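See structure below.
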Amino acid sequence: MPELPEVETVTNEIRPYVLGCRIKDVEVLWPGTVKGNTVTEFVNGLKDQIVTNVSRRGKFIVWHLSGGRRMLTHLKMTGALIAQEANVPPPPYNRVEITLENGLKIFFRDPRKFGRMRIIDHDKAFDELGPEPLEPEFTAEVLESLLKKRKSPIKPTLLDQTLIAGIGNMYADEALFEAKIHPLRAADGLTSTEYRKLHKAIQHVLLAAIESKGASISNYVRPGGELGHAHFAFKVAHRRGENCERCGAPLERIVVRGRGTYLCPKCQPHP
DNA sequence: CTATAGACCTGACGGC
DNA sequence: TGCCGTCAGGTCTATA
């Protein structure tokens, strides 16, 4: 499930395959993947462009093109960028195929068809994204002031990309467990100590997951075909019924705003 | 404005 | 075996 650490890994690992390469051809096999451009605009916008960089903003992968425009890729739930020799058959659930002049093809594999690609002219697409949680500007004070603006439960607040960019369901649960905060606590109702703990926990779980190259708990695959192993370090996510590492109590799964939410009822006492 | 539900999609898995 | 319900979770849109 791609969240910040998975998107960061894909960005870093796709870069060497495409950097400085000219795009020779683009084929869109599932038109729904392209949003914000027509398929023709998308294909023509990519053709003959040289990829000058690949970066990440929130959960977006940003392809920088020599003409000055950018192509955004959002993996959503099951998207994956896969690099292969051009003569190797495409992977199953291939939705978009980008042929490079260096003899490689980049496939956008996406079983559930939630993923999206689009070309943008400027940075406007990022106007509504909150700060990057791993940038130095994102201090505990910044987190506290952002969360103080919201009365809703802390868990869905952490998932709001306009507040903080990149946190998803799994890492929200992991960070709240590490900070010993129940997901239903009001976002504006933590103590100063808890805001600091949560800030530290967010950065810790994200950095640790990046070091492990992301969590391969369902469809997530890296561009070279390898898996990530961040999920082996999960303390609560997808571990319903297992015993809490810290206190031994059985872990719970509840539903918060329609999202599966994992927690330790003893370490994270209910409000 | 906020909160919530539904839509988008498909596959894996567990229970009977 | 085979069928059905649940779970997976990012984000846009519609509704209250």
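These numbers come from a predicted model, not from an experiment.
None of A:Lys235, A:Lys155, A:Arg253 except one satisfies the salt bridge (Lys or Arg N to Asp or Glu O under 4.0 Å) rule with A:Asp173; the exception is A:Lys155.
At whole-Å resolution of the value, CG in A:Leu163 and C1' in B:dC1 are 15 Å apart. If you measure from atom CH2 of A:Trp30 to atom P of B:dC8, you get 11 Å, rounded to the nearest angstrom. Rounded to an integer number of Å, the gap from A:Phe108 CZ to B:dC9 C1' is 13 Å. A straight line from CE of A:Met170 to P of C:dC7 spans 18 Å, rounded to a whole angstrom. Remark: C1' of B:dT10 and CG of A:Asp110 are 10 Å apart, rounded to the nearest angstrom. Remark: C1' of B:dA7 and CZ of A:Arg112 are 12 Å apart, rounded to the nearest angstrom. Atom-to-atom, CG of A:Asp160 to P of C:dG9 comes out at 18 Å; the value is rounded to the nearest Å. The CG-C1' distance, from A:Leu184 to B:dT4, rounds to 15 Å in whole Å.
One finds a side-chain N or O of A:Tyr93 lying less than 4.0 angstrom from the OP1 or OP2 phosphate oxygen of B:dG11.
Counting only N and O atoms by type, the side chains of A:Thr139 and A:His199 include no donor and acceptor under 3.5 Å apart.
Figure legend: cation-pi geometry between A:Arg118 and A:Phe60 absent, as NZ or CZ is not positioned both under 6.0 Å from the six-membered ring centre and within 45° of its axis.
Contact check for A:Lys149 versus A:Leu146: side-chain heavy atoms found under the 4.5 Å cut-off. Side-chain contact between A:Lys24 and A:Leu100 is absent, with no heavy-atom pair separated by less than 4.5 Å.
The listed nucleotides are C:dG9, C:dC7, B:dT10; the one nearest the side chain of A:Lys113 is B:dT10. Checking B:dG11, B:dA3, C:dG10 against the side-chain heavy atoms of A:Phe114 singles out C:dG10 as nearest.
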Could you list the protein-to-nucleotides 11-15 of chain C atom pairs, N/O on both sides, closer than 3.5 Å?
from	atom 1	to	atom 2	distance (Å)
C:dT11	OP1	A:His74	NE2	2.3
C:dT11	OP2	A:Lys59	NZ	3.2

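At a threshold of 4.0 Å, the pair A:Asp25-A:Lys47 counts as salt-bridged, since one of the basic side-chain nitrogens sits closer than that to a carboxylate oxygen. At a threshold of 4.0 Å, the pair A:Glu6-A:Arg222 does not count as salt-bridged, since none of the basic side-chain nitrogens sits closer than that to a carboxylate oxygen. One finds a salt bridge joining A:Asp160 and A:Arg150 here, because a Lys/Arg side-chain nitrogen approaches an Asp/Glu carboxylate oxygen to under 4.0 Å.
In this structure A:Arg196 satisfies the side-chain hydrogen bond (donor to acceptor under 3.5 Å, both in side chains) test with no other residue, sequence neighbours excluded.
C:dC7 sits 16 Å from B:dA5 when the P atoms are compared, rounded to a whole Å. Straight-line distance between the P atoms of B:dC9 and C:dT6: roughly 22 Å, to the nearest whole Å.
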5'-to-3' dot-bracket of DNA chain C (Watson-Crick, G-U; under 3.5 angstrom; crossing pairs as [ ]; | other strand): .|||||||.|||||||
